[in-house]
Each structure stands twice: as structure tokens, then as C-alpha cells.
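In what follows, a single structure is set out as C-alpha cells and then discussed.
As a basis for the values below, the full set of heavy atoms in this structure was taken, side chains included, without hydrogen atoms, waters or symmetry mates.
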Amino acid sequence: MASKTLVGAIDQGTSSSRFLIFCSKTGELITYHQTEIQQLLPKEGWVEEDPKEILQSVHVCIEKAVENLQALNLSVSDIKCVGITNQRETTIVWDKLTGQPLYNAIVWLDTRTSSTVDKLIAKTPQKDKDHLRAYCGLPITTYFSAVKLRWLMENVEPVRKAIQENRCLFGTVDSWLLWNLTGGVSGGVHATDVTNASRTMLMNIHTLRWDEKLYGFFDIPMSVLPEIRSSSEVYGQMKMGPLQNVPISGILGDQQSAMVGQMCFKPGQAKNTYGTGCFLLMNTGTEAVESKQGLLTTVGYQLGKNKPVVYALEGAVAIAGACVRWLRDNLGVIKTSEEVEVLAAKVDSTHGCYFVPAFSGLFCPYWQMDARGIICGLTQFTTKEHIARAALEAVCFQTREILEAMGKDSGIPLQSLQVDGGMTANQLLMQLQTDLLGISVVRPSMPETTALGAAMAAGAAERVGVWSLDSKDLSNITTDTFNPCIREKERDARFIRWKLAVQRSMRWETAEDVVEIQPCPLSTVPGGIFIISSLAMFMLSEIIPHR
């Protein structure tokens with residue numbers, strides 16, 4: 001058999017799980033396997049996934065990818081370590097004695113916690129959603145894990161009981177996978193990394209520790225929380241399957257992992273990932289920059305226990321690829337997600353049609369959770385082709401809003417934007433993005449930068465050391481570059497119209513804004529009698545001669 005030094009990466013996303021195998025010397029993707037994950041939608045605004053299905057899908061992907069590797073005449077023993085990257089904020093609670101989930105995973109874009117958020121904001125001194133920003137870098141919204149965990153504690157009896165009996169463990173998807181893959185009930189490691197912990201609202205972003213001010217605010221017991229570790233160190237060994245005894249040595253939340261995979265190691269470098277949502281991160285160096293523009297302050301990475309933490313500003317859009325999925329699954333406009341490009345390319349513009357996909361409210365920079373999706377500017381001329389194109393443009397407009405906010409916060413105007421994620425295979429989307437931003441869009445030829453980042457972190461870990469992160473050793477990434485081809489006047493005019501559409505989507509769910517229809521006076525008995533008798537008296541006064 002041929003021999004290479006290989007690194008595996010588990011990429012557990014919102015819509016699928018994958019296991020990818022890379023060559024540590026070149027960064028080349030050798031093989032992979034992918035399995036879709038079913039999303040459960042029990043009520044409007046609720047989005048869940050089965051934790052056991054998530055775990056099983058990872059096992060299947062590892063087994064199938066290893067079979068692919070052996071078919072390429074490569075040995076499984078060449079895989080020296082495994083990294084994990086995952087959908088962030090998604091919240092799982094389980095019983096540490098049985099290993100069974102206590103509830104379905106509540107996915108990051110779930111909005112059931114709106115009333116919980118209102119109660120939490122109401123108890124702050126200034127009724128301010130940014131009350132905790134100085135500690136955790138985040139606003140109080142439905143997005144983050146602490147709010148989801150608070151909801152579970154208030155509404156799910158098995159969770160309450162497990163906490164009372166000291167049986168409950170909490171974690172984001174990385175913690176759930178790590179605990180199970182390293183032994184589960186038989187000594188599984190209950191840990192997370194700084195990037196995932198920074199998305200819970202429970203970690204102090206400056207000390208990198210669980211903060212009593214934060215978990216006390218949410219009334220969450222510290223006993224359920226995982227240990228916080230760096231993004232690159234040996235956490236434990238795989239206990240089963242074809243990779244038994246292989247160390248797990250890298251963990252990064254998916255967006256931070258893409259930042260590492262895109263090699264955004266210098267302050268001012270930024271990347272945008274187009275997946276279920278859309279996430280733009282800019283490296284701000286070793287200082288946490290507090291946003292004044294509605295962005296998030298988050299941990300970018302810490303590549304080793306004794307290495308400095310690097311921070312980032314983040315703009316998060318809830319609905320990007322999920323909008324295309326909605327066109328496919330809910331409306332039946334397309335049969336596959338790939339068809340949206342062909343459909344949208346049949347028209348030269350949206351002809352004034354704008355689509356604001358605020359299915360879960362608006363994230364950055366508005367944090368308007370009462371917004372809902374709208375399609376406006378419709379005429380009899382509008383077709384499904386125009387709506388498909390408007391859906392793609394919505395992704396681009398939302399990216400522009402984040403980019404403008406990021407420029408104001410950082411003082412660093414971007415000259416180009418590095419992109420990755422599944423949607424970047426859409427050539428039309430990439431051209432629309434560069435046209436509507438007015439800067440170059442740079443796409444790597446190897447699009448799997450999210451998984452690559454986790455592999456790099458794992459391979460670079462102390463006691464593993466099969467992947468050098470020294471700049472002179474990093475492989476140059478071949479790229480495709482898209483450049484704008486519309487005038488600034490047209491770009492800005494379309495953006496202004498988009499902003500108008502966004503305003504129309506807001507406050508849709510606010511009870512005070514519902515217009516109360518006043519009843520007609522004739523529809524009530526006293527009012528009707530009064531008006532009819534008054535009219536009769538008037539007519540009689542006209543008929544009877546004046547004396």
C-alpha cells in the first residue's frame with residue numbers, strides 16, 4: 001500500500017454530517033463521505049434534530065470514508081488524528097449515566113425562546129439586550145445556547161429532574177460528539193473548545209472561563225457545563241470503529257474553522273461562509289473589539305493550550321442556503337438546490353422583486369427577532385425565475401450589510417472577500433455578490449475550507465505535530481476571482497431598495513402593531529338605535545311645516 005500522513009475531520013453541519021480525509025503535507029482532500037440530517041419542525045419557529053441521528057451519521061461517514069480510502073490503496077493507519085468542526089449554538093442535553101439525550105437538539109436558528117428572551121431582557125436594569133455584551137460579546141437573543149438551555153430547564157421535566165439528581169450534561173454538538181466518541185458512559189471526555197464556548201453566552205470572552213455573572217444571570221448550574229479547552233490539543237482517543245485509539249486533537253466551531261482553513265491569520269483578514277446561514281468573520285488580533293454596529297465579538301481560535309487567543313468580529317445571517325432549500329421543499333419551485341442557478345439565470349434581473357428571508361427574524365446587524373420573511377415588488381410580470389434570482393440577491397445584500405457594519409467597527413475597509421461553503425459553487429451567486437459589494441470575491445478551488453481548518457488544528461496539536469502552521473510551510477491555495485461589472489450608481493440604488501424591503505419585514509410579530517379594526521356604529525345595538533332615531537327625527541323635521 002502507498003503511504004501518506006493523513007488527518008481526518010468530522011464536519012457536523014446543520015443539514016449534513018461528513019468525514020473528510022486530508023493529506024497533512026499538501027492540504028489535498030483525499031476522500032470523504034456525506035450523510036444528510038433530518039430537520040424536525042414540530043411547531044412554527046421550532047427547529048430540532050435527533051442527537052442520536054447526528055451521532056450515528058458521524059459513525060457512518062467515518063466507516064464509509066475509510067472504505068473509500070482503502071479502495072484508493074491507502075491504509076487507515078495513515079490517519080494520525082481527527083478534528084471536529086460543528087454547527088455552533090445548537091444545544092444538546094443528555095443523561096451522563098445512560099448516555100441518552102433528554103430532549104432533541106435545539107438548532108441554532110430555532111426561535112421558540114422569544115418569550116424567554118423577553119423575560120431575560122426585562123430583568124436587566126436598563127431593559128437592554130446588550131446588558132451582557134461586555135462579558136460575553138453577545139446580545140441576549142434566541143440565537144445562543146444559554147437561552148435554549150434556560151428554556152429546556154423551564155419546560156422539559158426530564159431535564160429539570162436530571163439536573164436535580166446531578167445526571168444532566170449540556171453541550172454544543174462538539175461536546176456531544178467528543179463525549180460519545182471517547183467512551184460515553186465509560187469515561188467519555190466532557191469538554192468543548194473556546195470557539196464553541198464563546199457562543200453560549202456563558203463564557204467570559206476575556207478570561208476564557210465560565211463566568212458566575214453569566215451562568216448566574218441565566219440560573220444555570222455550573223455542574224452541567226463542559227470543561228473549556230483550546231482549539232488544538234489532544235482531548236482523548238477514539239474508543240470504537242475503524243479509527244479506534246486515534247487521538248481527537250482539534251475542535252473549532254464551523255465558522256471559526258473556515259477562518260483557519262482560509263488562513264485568515266492576520267488582523268483585517270476576513271472570510272464569508274455560505275451555508276444554511278451566512279457568516280462573515282474578520283480577524284481582529286489578540287484584542288476583543290466590542291461592536292457598536294450590531295456585530296458579534298467572538299473567539300476566532302486558540303491553536304494550543306499555551307498559544308494566544310485570537311478574536312474576531314462576526315456578522316451572522318440566519319437564512320442563506322436555507323432560502324434555496326425553502327424554494328425546493330416548501331414551494332416546489334426547484335427539484336434540487338443546484339437548479340436555482342439555472343432558474344435564476346433565465347432572467348437578467350429581478351425586475352424590482354425583493355425577497356427578505358427573515359424566517360427566523362433578522363440577525364446581524366438588526367437583531368430584530370419579530371421580523372418575518374416577505375417577497376415584495378411583485379407584479380403580474382413576476383415569475384418563479386425572478387423570485388429565484390431575488391433569493392440569491394438576498395444572500396448578497398445581507399452580506400453587504402454585514403460588511404458595511406464591519407468596516408465601521410474595525411476601521412478596515414476590505415479590498416476583497418474570501419468565500420467558502422456549499423453555495424459558492426453557484427457561479428451566478430458569486431457574480432451577483434461581487435456586483436453588489438463592489439469588491440473582488442475570491443473563492444478557493446478546494447471549497448472544503450471548514451473541514452480543512454479542523455484538520456489543520458488537529459494535525460498541529462502538541463504530541464501530534466503532523467501539520468505545520470508556519471507561514472512558510474502552508475500550501476498556497478489556488479483560487480478563482482470574481483470582479484464587479486456593474487456601476488456604483490446601480491449597485492447603490494438596488495441596495496437602497498433592499499433596505500426598504502427589510503424595513504417592511506420588521507415588527508411583523510409585535511402584538512402592539514396589529515391594527516384593530518373599529519366596528520361600524522351600526523353593528524352595535526345602542527349605536528344603531530341612536531343613528532336610526534336621529535335620522536328619523538331629522539326627516540320628520542323636514543316634512544312637518546315650520547310654524
Next item on the list: Using the test salt bridge (Lys or Arg N to Asp or Glu O under 4.0 Å), find all partners of Lys499 that sit at least two apart in sequence or belong to another chain.
Entry: Glu401
Next item on the list: For the pair Gln398 (side chain) and Ala394 (backbone), establish whether a donor and an acceptor sit closer than 3.5 Å, ignoring hydrogens and angles.
Entry: yes
Checklist line | Chi angles and distances behind the side chain to side chain contact (heavy atoms under 4.5 Å, CB included) call for His131, Ile121 | finding: CA-CA 8 Å; His131 177 68; Ile121 293 174; over 6 Å; no
Notebook entry, point to check: Can you list every salt bridge (charged side-chain N to carboxylate O under 4.0 Å, His left out) pair that touches residues 421-441, not counting sequence neighbours?
Noted result: none
Note to self: Taking side-chain hydrogen bond (donor to acceptor under 3.5 Å, both in side chains) as the definition, give me every residue that meets it alongside Thr350, ordered by chain and number, with sequence neighbours left out.
What the structure shows: none
Next item on the list: Check the side chains of Ser57 and Ser17 for a donor-acceptor pair under 3.5 angstrom, ignoring hydrogens and angles.
Entry: yes
Next item on the list: Report the C-alpha distance between Thr399 and Asn272 in whole Å, list the side-chain angles of each, state the deciding distance to 0.1 Å, and finish with yes or no for side-chain hydrogen bond (donor to acceptor under 3.5 Å, both in side chains).
Entry: CA-CA 8 Å; Thr399 298; Asn272 197 27; 3.3 Å; yes
Notebook entry, point to check: Got a sec, which residues hit side-chain hydrogen bond (donor to acceptor under 3.5 Å, both in side chains) with Arg133, two or more places apart in sequence or on another chain?
Noted result: Asp130
Item checked: Check against side chain to side chain contact (heavy atoms under 4.5 Å, CB included), Tyr274 and Met430 -> CA-CA 10 Å; Tyr274 301 76; Met430 294 295 94; 4.3 Å; yes
Checklist line | Side-chain donor-acceptor pair present, Glu314, Thr298, cut-off under 3.5 Å | finding: no
Check: Is Glu36 salt-bridged to Arg18, cutoff N-O under 4.0 Å?
Finding: no
Note to self: Once salt bridge (Lys or Arg N to Asp or Glu O under 4.0 Å) is applied, do any residues pair with Arg400, and if so which ones, sequence neighbours excluded?
What the structure shows: Glu404, Asp492
Next item on the list: Not counting sequence neighbours, list each pair that qualifies as a ring pair (Phe, Tyr, Trp, His ring centres under 6.0 Å) and has a residue in residues 276-295.
Entry: Trp108-Phe279
When the side chains of residues 340-348 are checked against the rest of the protein, which donor-acceptor pairs come out under 3.5 Å, sequence neighbours left out?
{"from": "Glu341", "atom 1": "OE2", "to": "Gln427", "atom 2": "N", "distance (Å)": "3.1"}
{"from": "Glu341", "atom 1": "OE2", "to": "Leu428", "atom 2": "N", "distance (Å)": "3.1"}
{"from": "Asp348", "atom 1": "OD1", "to": "His351", "atom 2": "NE2", "distance (Å)": "3.2"}

Next item on the list: To the nearest 0.5 Å, tell me how far Gln34 CD sits from Ser16 OG.
Entry: 4.0 Å
Next item on the list: Would you kindly check if the NZ (Lys) or CZ (Arg) of Arg112 is within the cone defined by 45 degrees around the ring axis of Trp46 and under 6.0 Å from the six-membered ring centre?
Entry: yes
Checklist line | Taking every non-hydrogen atom, the tightest pair across Gln433 and Val441 | finding: CG-CG2, 4.0 Å
Next item on the list: Evaluate whether atom CZ of Arg497 has more than 12 neighbouring non-hydrogen atoms of other residues, nucleotides or ligands under 6.0 angstrom away.
Entry: no
Check: Would the Phe355 and Trp498 ring centres measure less than 6.0 Å apart?
Finding: no
Notebook entry, point to check: Among all residues two or more places apart in sequence or in another chain, which pass the ring-ring contact (aromatic ring centres under 6.0 Å, His included) test with Tyr32?
Noted result: none
Listing, residues 134-147 side-chain donor-acceptor contacts under 3.5 Å, not counting sequence neighbours, or none:
{"from": "Thr141", "atom 1": "OG1", "to": "Tyr143", "atom 2": "N", "distance (Å)": "3.1"}
{"from": "Tyr143", "atom 1": "OH", "to": "Arg199", "atom 2": "NH2", "distance (Å)": "3.4"}
{"from": "Ser145", "atom 1": "OG", "to": "Glu89", "atom 2": "O", "distance (Å)": "2.9"}

Item checked: Counterpart residues, salt bridge (Lys or Arg N to Asp or Glu O under 4.0 Å), relative to Glu28 (two or more places apart) -> Lys4
Item checked: Asn483 and Thr434 side chains, donor-acceptor separation under 3.5 Å -> no
Notebook entry, point to check: Can you find a side-chain donor-acceptor pair between Glu49 and Asn104 that sits under 3.5 Å?
Noted result: no
Next item on the list: Search all heavy atoms of Ala501 against all heavy atoms of Tyr354 and return the closest pair with its distance.
Entry: CB-CB, 4.0 Å
Checklist line | salt bridge (Lys or Arg N to Asp or Glu O under 4.0 Å) against Arg443, all qualifying residues, sequence neighbours excluded | finding: Asp480
Notebook entry, point to check: For Thr85 and Asp254, what are the C-alpha separation, side-chain angles and deciding distance, and is it a side-chain hydrogen bond (donor to acceptor under 3.5 Å, both in side chains)?
Noted result: CA-CA 5 Å; Thr85 183; Asp254 53 7; 5.6 Å; no
Check: Do the charged groups of Arg229 and Glu233 touch, with an N to O distance under 4.0 Å?
Finding: yes
Next item on the list: Start with the C-alpha gap between Gln269 and Met259, add the side-chain angles, then the distance that decides, and say whether side chain to side chain contact (heavy atoms under 4.5 Å, CB included) holds.
Entry: CA-CA 9 Å; Gln269 290 184 314; Met259 188 173 162; over 6 Å; no
Next item on the list: Take Leu296 and Trp367 through the test side chain to side chain contact (heavy atoms under 4.5 Å, CB included) and record every step on the way to the result.
Entry: CA-CA 11 Å; Leu296 309 174; Trp367 296 110; 3.3 Å; yes
Next item on the list: Sort and list the pairs that fulfil salt bridge (charged side-chain N to carboxylate O under 4.0 Å, His left out) and have at least one residue in residues 379-399, not counting sequence neighbours.
Entry: Glu393-Arg494
